[in-house]
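In what follows, every chain begins at residue 1, and chains take the letters A, B, ... in the order their sequences are listed. Because the structure is a prediction, the values reported are computed rather than measured.
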There are 2 protein chains.
Amino acid sequence: MQQSPVPPEPPIYRRIADGLREAILSGELRDGDRLPGENALMAQYGIARATARQALSVLINEGLAVPKRGSGVYVRQFRPIRRHGSRRLSREQWGRGQAIWESDTRGRPYTVDDVTIDREIAEDAVARVLNSREVWVRRRRYSVDGRPVQLSVSHFPAALVENTAITRHDTGPGGVYARLGDLGHTPVHFSEEVRARMPHPHETVQLDLPAGTPVIVIGRVAYTEGGVPVEVNEMILDAASYVLQYDFDS
Amino acid sequence: MQQSPVPPEPPIYRRIADGLREAILSGELRDGDRLPGENALMAQYGIARATARQALSVLINEGLAVPKRGSGVYVRQFRPIRRHGSRRLSREQWGRGQAIWESDTRGRPYTVDDVTIDREIAEDAVARVLNSREVWVRRRRYSVDGRPVQLSVSHFPAALVENTAITRHDTGPGGVYARLGDLGHTPVHFSEEVRARMPHPHETVQLDLPAGTPVIVIGRVAYTEGGVPVEVNEMILDAASYVLQYDFDS
DNA sequence: AAGTGGTCTAGACCACACG
DNA sequence: GTGTGGTCTAGACCACTTC
């Protein structure tokens with residue numbers, strides 16, 4: 001007779017984490033509420049400091065809680081920005097149905113800082129797509145409500161944009177896409193590749209990410225009507241701050 | 001005179017993690033290689049066990065390394081599947097440019113297990129989109145190469161699909177979309193909302209996710225030509241196994 | 001000043017993997 | 001059997017936040 005396998009008891013730190021997670025997901029603990037601290041958990045469960053910390057670290061690494069030094073551990077809030085892929089299709093009737101996830105639809109103003117513009121030798125993947133190793137690179141950081149939410153690195157074939165406003169800080173009215181249009185290379189087709197992963201250290205710093213926050217990586221290629229690739233843009237988004245929306249037919 | 005701020009030394013565990021990360025990202029340690037273990041780090045740096053563990057946990061939570069019980073900690077591998085949003089546009093000329101990220105383009109066979117079909121009362125968000133609280137729900141899990149990569153939960157308005165093959169395991173040739181077509185409700189418009197976050201515990205179990213792996217959450221609504229929503233599908237993807245591709249005009 | 005999280009030490013016992 | 005990671009204890013000092 002086969003012995004029925006006994007489900008092993010989860011370790012203490014996990015049971016504590018499960019209880020706290022339940023309280024968060026059920027709404028018993030709300031956005032911004034303070035969780036029981038290390039000392040409280042030690043007393044309540046009769047455990048060592050390291051064990052209490054381990055329990056809290058589970059929730060922190062899950063992105064459900066954020067530690068504040070000298071203060072406590074708090075329930076994290078989620079108020080994403082909606083980013084539309086195809087504006088054209090999103091405007092159509094059928095695309096105006098109810099969204100699944102609530103999000104901030106009012107166009108909150110974003111600010112741009114840390115703009116840098118350089119002529120560089122592109123890495124292999126970018127060079128292959130643009131058919132050019134020589135590129136102009138525009139790096140920007142976007143913030144909403146004073147909090148950084150996105151890093152963006154745009155690559156343009158150097159031969160195409162040399163001596164245009166695209167190589168300068170002030171790109172003029174309409175921005176870089178308008179300038180590409182002036183050159184007869186209006187981007188009309190876009191291909192976006194979307195990934196998600198944990199952030200690299202420099203991304204954690206630049207986006208001021210708490211532990212347990214993934215980033216969404218969007219690699220976007222813009223093509224002209226003739227199918228010529230004119231821009232490769234890699235965007236790094238704070239995953240907790242964004243919902244991407246893509247609308248399409250067929 | 002303003003004192004120039006002295007950059008504080010990072011803690012030991014962080015410096016060790018930085019060194020190991022460097023070795024991984026530079027390619028010095030390759031996919032599947034074994035990292036120095038806890039004992040090795042203790043000896044090499046003259047630190048306590050907990051500190052060595054803390055260093056390794058950084059890389060594990062970043063998704064760069066995977067611990068194997070009783071064996072060691074290993075460099076993680078990344079070989080994503082490419083998932084296309086709009087098949088139609090992806091086939092067009094301009095969309096056939098080089099991809100930024102390498103991925104497995106050969107259509108690897110996937111298997112479906114854990115299929116369940118139930119009549120349920122939908123949660124608010126789904127009911128609002130479908131204009132129906134009564135829904136049929138199809139849950140599936142997809143695996144590639146024997147490893148689970150995606151969970152999928154499809155909702156259909158009960159009144160629409162009652163007494164059709166959509167409420168049965170065998171949906172017949174063409175699957176549920178063909179059956180919706182039989183009813184005169186062929187889905188032709190799609191709206192997808194994409195998020196990324198750390199997995200919930202049950203997702204970690206069902207997708208067998210190592211620590212440090214985010215999930216991509218896709219909420220997809222299918223509409224008929226007349227703009228009637230006929231399906232809400234929530235997909236949970238192992239973020240390390242997927243690259244999403246979206247192609248669009250304008 | 002008191003409380004909080006951040007780092008670190010020096011032990012311990014366990015289950016599991018590998019040779 | 002030996003080494004590995006997984007869990008846990010009982011202390012310590014520090015920097016920071018809050019009162």
Original post:
Is the shortest distance from a Lys or Arg side-chain nitrogen in A:D118 or A:R138 to a carboxylate oxygen in the other one below 4.0 Å?
Top reply: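 A salt bridge is absent here (no side-chain N lies under 4.0 Å from a carboxylate O).
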
Subject >> Contact list for residues 205-216 of chain B, test side-chain hydrogen bond (donor to acceptor under 3.5 Å, both in side chains), sequence neighbours left out >> reply: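 The answer is B:R76-B:T213.
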
**OP:** Could you name each residue pair satisfying side-chain hydrogen bond (donor to acceptor under 3.5 Å, both in side chains) that touches residues 57-67 of chain A, not counting sequence neighbours?
**Re:**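 Pairs touching residues 57-67 of chain A that pass the test: A:R21-A:E62.
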
What residues form a salt bridge (Lys or Arg N to Asp or Glu O under 4.0 Å) with [X], not counting sequence neighbours?
X      : result
A:R168 : none
A:R220 : A:E192
B:E38  : B:R49, B:R53

Set of side-chain hydrogen bond (donor to acceptor under 3.5 Å, both in side chains) partners for [X], sequence neighbours left out:
X     : answer
B:R69 : none
A:S71 : A:Y74
B:R15 : B:E9

**OP:** Would you mind telling me which residue lines up with the more 5' stretch of DNA chain D, A:G70 or A:I12, judged by nearest nucleotide?
**Re:** A:I12

Subject >> Any residue of residues 197-215 of chain B with a heavy atom less than 4.0 Å from an atom of DNA chain D >> reply: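 Here the set is empty: none.
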
Original post:
Where along residues 46-59 of chain A does a heavy atom come under 4.0 Å from DNA chain C, residue by residue in number order?
Top reply: A:R49, A:R53

**OP:** With sequence neighbours excluded, tell me which residues meet ring-ring contact (aromatic ring centres under 6.0 Å, His included) with A:Y142.
**Re:** A:Y110

**OP:** Could you list where the contact with chain B starts and ends along DNA chain D, reading 5' to 3', using a 4.0 Å heavy-atom cut-off?
**Re:** D:dG3 to D:dT7

Original post:
When we call it a touch if two heavy atoms are under 4.0 Å apart, what does B:R14 touch: a base, just sugar-phosphate, or nothing?
Top reply: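 Touches nothing.
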
